[in-house]
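First the structure, in the form of structure tokens, and then the observations on it.
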Protein chains: 2
Amino acid sequence: MYRRKIPEMAITRLSIYSRILADIDDGRTISSKELAELSGHSDSQLRRDLAYFGQFGMPGKGYQVKELKRRIHGILGIDRAWNVALVGAGNLGSALARYKGFEEQGFKIKAIFDNNIRKIGRTLGNITIQDAEELGETIKKRNIEIAVITAPTEAAQEVASRLAEAGVKAILNFAPIRIFAPAEVKLVNVDLAIELENLSYFLAKARKGNDQ
Amino acid sequence: MYRRKIPEMAITRLSIYSRILADIDDGRTISSKELAELSGHSDSQLRRDLAYFGQFGMPGKGYQVKELKRRIHGILGIDRAWNVALVGAGNLGSALARYKGFEEQGFKIKAIFDNNIRKIGRTLGNITIQDAEELGETIKKRNIEIAVITAPTEAAQEVASRLAEAGVKAILNFAPIRIFAPAEVKLVNVDLAIELENLSYFLAKARKGNDQ
DNA sequence: TAGATTGTTAATCGATTAACAATC
DNA sequence: TAGATTGTTAATCGATTAACAATC
């Protein structure tokens, strides 16, 4: 086992392997070749990705599916539940609050905040929307470590700062703006406009007659 | 101007530069150093990203903001409007349909499909939800080139195949599954669970006492 | 002209792939 | 044992960074 800097993409791929493994029987073994093909990567890369974290397989046999799942879940931190707060109960926030997939993966929404007086007190997926003023106190009280920002662009930085101050350790930001957080807070951005622009770039390029 | 393979990340960064430039006055010039700082990259990288597409600046002066915006918009294909279809009018689909940001960037939702009889005929952000059966015909009739899949996981591959067959050129897939499309269809996946798992990986690592 | 800043090359860095000895 | 497949090294590939001649 040798630990260097681990490429972020390797973590993303571990999530993908884990997704594929979920549909595979615990009792059997699987080779790096088979699992790699199912997930759209090379066997070489899969073995390399796993090697960052130790030895998992049996030469000549492959990987014990049950054990491999367990190890990958441990690495990804999804062998336990995480408490999550959602800030911003607009369209996207509401959709995420109702999305079953999070709960299934162990991400439990424990608080939802908004500053719109008409939304405060209503419930969303059986969580009561709270006044954003209560953010700091609630986050501490409910041991919330992950926050999802679905607030409007103008409010995003202020929200991020307050989340960091309240002790949140990781932020998933959907506001289309660069936000700053202390170095100890892990920040990931999901920007839907950027994804669409990626598509339109390819379309425009194809139109101009370049080689894909 | 020299054209090699252009890193996908360079395109993502162009979107970010474009976002920053939107708030900057058309009349002035801006140096690679200033724009790079505002967007969180290096000046060297910014010049490199632009260089893939030609010469934009004036040595000694910097870039004319108005012209730079125009060129980047052209590269990204956001100097025109694109017709978009949304497949799946559930929570996420509804949120995206109501999201103003798309329209502003020139991504115009021209059709929404679902196969739930109770949803068909209702409207979402002034588009009438249509029966998914009408997908092929409608896509052709309305010149839709981009589709967004917000259908359930089980339906995603079938939807993608029908979209490709109908002539869609690019697909943004929100279903947490690997889908296949013909090589000429550009496919981008946005997977919320993977993003959250990226966060939990870092949290779990920090817990185990490793260096961030 | 002197100062500033580009566009581009060459050097560096990091990630992926190929190959294979070790091992079941 | 023969065949299969791992874990890891070395080679390759690609992206980022540093440096600077060209230019305004």
Side-chain angles (χ1 to χ4, degrees), chain A residues 1-17 20-21 24 28-72 75 198 201 211-212, chain B residues 1-17 20-21 24 28-72 75 198 201 211-212:
Chain A
M1 159 145 96
Y2 49 118
R3 232 172 243 285
R4 314 185 193 163
K5 292 144 268 165
I6 297 165
E8 190 134 337
M9 275 307 294
I11 304 306
T12 298
R13 286 190 298 265
L14 285 180
S15 284
I16 295 171
Y17 305 147
I20 306 283
L21 284 169
I24 293 176
R28 55 171 292 211
T29 59
I30 191 168
S31 69
S32 58
K33 186 158 180 294
E34 184 181 355
L35 180 52
E37 264 166 21
L38 288 170
S39 52
H41 300 100
S42 73
D43 59 323
S44 200
Q45 182 157 70
L46 183 141
R47 292 198 302 279
R48 161 51 112 211
D49 289 339
L50 295 177
Y52 288 118
F53 300 97
Q55 306 191 153
F56 297 73
M58 299 167 290
K61 296 274 183 276
Y63 302 85
Q64 193 66 46
V65 169
K66 186 176 177 186
E67 171 68 4
L68 186 56
K69 285 180 184 173
R70 204 182 60 73
R71 298 286 295 267
I72 295 180
I75 294 164
N198 195 328
Y201 160 72
D211 48 351
Q212 287 300 330
Chain B
M1 159 143 95
Y2 50 120
R3 231 173 244 284
R4 313 185 194 163
K5 292 142 273 166
I6 297 166
E8 190 135 337
M9 275 306 294
I11 305 305
T12 299
R13 286 190 298 266
L14 286 180
S15 283
I16 295 171
Y17 306 147
I20 305 283
L21 283 169
I24 293 177
R28 55 171 293 212
T29 60
I30 191 167
S31 69
S32 59
K33 188 159 179 295
E34 184 181 356
L35 181 52
E37 265 166 19
L38 288 170
S39 51
H41 299 100
S42 73
D43 59 323
S44 198
Q45 183 158 68
L46 183 142
R47 291 199 301 279
R48 162 50 111 209
D49 290 338
L50 295 178
Y52 287 118
F53 301 97
Q55 307 190 153
F56 298 72
M58 299 168 288
K61 297 273 183 275
Y63 302 85
Q64 193 67 46
V65 169
K66 186 177 177 184
E67 171 69 4
L68 186 56
K69 286 180 184 173
R70 204 182 59 75
R71 298 286 295 266
I72 295 179
I75 294 164
N198 195 327
Y201 161 73
D211 47 353
Q212 286 300 330

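A note on names: the letters A, B, ... follow the listed sequences, proteins ahead of strands, and every chain is numbered from 1.
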(request) Kindly indicate, with the supporting measurements, whether the criterion side chain to side chain contact (heavy atoms under 4.5 Å, CB included) is fulfilled by A:Leu68 and A:Tyr17. (result) CA-CA 10 Å; A:Leu68 186 56; A:Tyr17 305 147; over 6 Å; no
(request) Find the distance A:Leu46:CG to D:dT6:C1' and express it as a whole number of Å. (result) 11 Å
(request) Compare every heavy atom of A:Lys61 with every heavy atom of A:Thr29, then report the nearest pair and how far apart it is. (result) OG1-O, 3.8 Å
(request) To the nearest 10°, let me know how far the axis at one end of the helix from C:dG3-D:dC24 to C:dC24-D:dG3 is tilted from the axis at the other, five pairs an end. (result) 10°
(message) Give me the atom names and distance for the closest heavy-atom approach of A:Ile20 to A:Leu38.
(response) CD1-O, 3.5 Å
(request) Report the residue from A:His41, A:Arg47, A:Gln45 that forms a side chain to side chain donor-acceptor pair (under 3.5 Å) with A:Asp43. (result) A:Arg47
(request) Take the protein atom CZ of B:Arg28 and the nucleotide atom C1' of C:dT5, then report the distance between them rounded to whole Å. (result) 14 Å
(message) Counting C-beta onward and ignoring hydrogens, is there a side-chain heavy-atom pair between A:Leu14 and B:Tyr201 closer than 4.5 Å?
(response) no
(message) Rounded at 0.5 Å granularity, tell me how far CD in B:Glu37 sits from OG in B:Ser32.
(response) 10.0 Å
(request) Quickly work out the A:Gln64 CD to D:dT5 C1' distance and round it to whole Å. (result) 15 Å
(request) Locate the shortest heavy-atom distance separating B:Tyr52 from B:Pro7; write the atom from each residue and the value. (result) OH-CD, 3.4 Å
(request) Please identify each residue that fulfils side-chain hydrogen bond (donor to acceptor under 3.5 Å, both in side chains) with A:Arg71, with sequence neighbours left out. (result) none
(request) Please determine if a side-chain N or O atom of B:Tyr63 lies less than 4.0 Å away from the OP1 or OP2 oxygen of C:dG7. (result) yes
(request) Check DNA chain D against residues 32-39 of chain A and give the residues with a non-hydrogen atom under 4.0 Å, in numerical order. (result) A:Ser32
(request) Under the side-chain hydrogen bond (donor to acceptor under 3.5 Å, both in side chains) rule, collect the residues that match up with B:Glu67, sequence neighbours excluded. (result) B:Arg70
Sort me out a list of protein N/O and nucleotides 22-24 of chain D N/O pairs below 3.5 Å, or just none if empty.
unit_1, atom_1, unit_2, atom_2, d
D:dC24, O4', B:Pro59, O, 3.4

(message) Nearest whole Å is fine: how far is D:dT6 P from A:Gln55 CD?
(response) 13 Å
(message) Which heavy atom of A:Phe56 sits nearest to which heavy atom of A:Leu50, and what is that distance?
(response) CE1-O, 3.1 Å
(request) Mind calculating the distance between CG (A:Asp43) and P (D:dG7) to the nearest angstrom? (result) 12 Å
(request) State whether the number of non-hydrogen atoms from other residues, nucleotides or ligands found under 6.0 Å of A:Lys66 atom NZ is greater than 12. (result) no
(request) Check A:Pro59 against A:Gly57 and note the closest heavy-atom contact, atom names and distance. (result) CD-O, 3.8 Å
(request) List the protein contact pattern of nucleotides 14-19 of chain C with one symbol per nucleotide (5' to 3'): B for base contact, S for sugar-phosphate-only contact, - for none; contact means a heavy-atom distance under 4.0 Å. (result) SSBSBB
(message) Testing the basics here: between A:Ile11 and B:Asn198, what is the closest heavy-atom pair and its distance to 0.1 Å?
(response) CG2-CA, 4.4 Å
